Amino acid sequence: METVCCAVLDKICSLAAFGRYVIFSEEELFEAFPDGTERDFGELKKALKTLVNAGYIDLKYSGGDLYCIAPLKKYEPEPEPLPVPTETVAEEPAETKRRFSVSPFFAAFAGGALGSFIISLVFAVLQYA
């Protein structure tokens, strides 16, 4: 949304409760314009039309230099995405990965074989005892 639209919406929201109509003069709305922005009727009309089309305000009527406006919702800018870390993780050599993935297999195999051997000895001793 443009800065003029945001400034006008902030002014409207600060002076009126959500859903309640309040009468604003052109001067009040022009006060909200950012510095360096041209304060003319066309720019104000464009900002109000943008806010009405986006559903931020409801413009009941406008006559002369008075506007009956109700704020409907507050503008909240979209949150900025979190920055992605650019650091890269140094990869380990392939030999190191293979050694760590194979060694648990051999340790488990040796433990199972040793356990089976001990149980076999226990049963052999108990059978002949």
Side-chain angles (χ1 to χ4, degrees):
M1 204 177 339
E2 293 180 29
T3 56
V4 174
C5 292
C6 290
V8 170
L9 182 62
D10 285 341
K11 180 72 170 186
I12 292 169
C13 290
S14 68
L15 297 175
F18 290 103
R20 303 202 97 184
Y21 288 94
V22 175
I23 297 175
F24 293 92
S25 69
E26 279 184 0
E27 276 306 311
E28 286 178 309
L29 297 176
F30 282 143
E31 289 173 4
F33 276 46
D35 292 335
T37 308
E38 189 176 332
R39 298 178 181 200
D40 65 343
F41 176 73
E43 193 69 31
L44 178 61
K45 187 175 178 181
K46 180 182 168 188
L48 291 175
K49 186 174 182 178
T50 303
L51 292 172
V52 168
N53 290 339
Y56 290 106
I57 63 170
D58 183 30
L59 182 62
K60 194 170 193 177
Y61 69 84
S62 62
D65 66 340
L66 298 177
Y67 299 90
C68 185
I69 303 172
L72 300 177
K73 61 183 180 179
K74 190 171 179 104
Y75 172 71
E76 295 179 10
E78 295 180 15
E80 295 181 15
L82 297 174
V84 178
T86 58
E87 296 178 15
T88 57
V89 177
E91 293 197 23
E92 298 177 17
E95 297 169 4
T96 307
K97 287 183 179 178
R98 190 177 321 149
R99 184 180 67 209
F100 287 124
S101 63
V102 174
S103 59
F105 171 74
F106 286 122
F109 181 76
L114 181 64
S116 297
F117 179 71
I118 292 172
I119 292 295
S120 298
L121 283 177
V122 169
F123 278 117
V125 170
L126 291 177
Q127 187 178 14
Y128 293 113

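Only heavy atoms go into these numbers, but all of them, side chains included; no hydrogens, no water, no symmetry mates. None of the values given here were measured: they were computed from a predicted structure. Count residues from 1 along the sequence.
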_Show the nearest heavy-atom pair for residues L72 and G55, with the distance to one decimal._
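Nearest heavy atoms, L72 then G55: CB-O, 3.6 Å.
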_For A7 versus A32, what's the shortest heavy-atom pair and its separation?_
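That closest heavy-atom pairing would be CB-O, 3.0 Å.
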*Just do the side chain to side chain contact (heavy atoms under 4.5 Å, CB included) check on I69 and L29 with the steps written out, would you?*
CA-CA 11 Å; I69 303 172; L29 297 176; 4.3 Å; yes
_Under the rule for salt bridge (charged side-chain N to carboxylate O under 4.0 Å, His left out), what residues qualify as partners of E31, not counting sequence neighbours?_
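Checked E31 against salt bridge (charged side-chain N to carboxylate O under 4.0 Å, His left out); matches are K11.
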Donor-acceptor pairs under 3.5 angstrom involving side-chain atoms of residues 16-26: please list them, not counting sequence neighbours.
from, atom 1, to, atom 2, distance (Å)
Y21, OH, D58, OD2, 2.2
S25, OG, E28, N, 3.3
E26, OE2, Y67, OH, 3.2

Please list, one pair per line, the donor and acceptor atoms closer than 3.5 Å that link side chains of residues 108-122 to other protein atoms, with sequence neighbours excluded.
from, atom 1, to, atom 2, distance (Å)
S116, OG, G112, O, 3.0
S120, OG, S116, O, 2.9

Please tabulate, one pair per line, all N/O donor-acceptor pairs under 3.5 Å involving side-chain atoms of residues 39-48, not counting sequence neighbours.
from, atom 1, to, atom 2, distance (Å)
R39, NH1, F30, O, 3.4
D40, OD1, E43, N, 3.1

_Co-membership, hydrophobic cluster, residues L59 and L66, 4.5 Å side-chain_ =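 No, L59 and L66 fall in different hydrophobic clusters.
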*F33 vs V8 side-chain heavy atoms within contact, under 4.5 Å*: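 The answer is yes; the side chains approach within 4.5 Å.
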*asked:* To the closest 0.5 Å, what do you measure between CG (N53) and CG (L51)?
replied: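 Interatomic distance, N53 CG to L51 CG, rounded to 0.5 Å: 9.0 Å.
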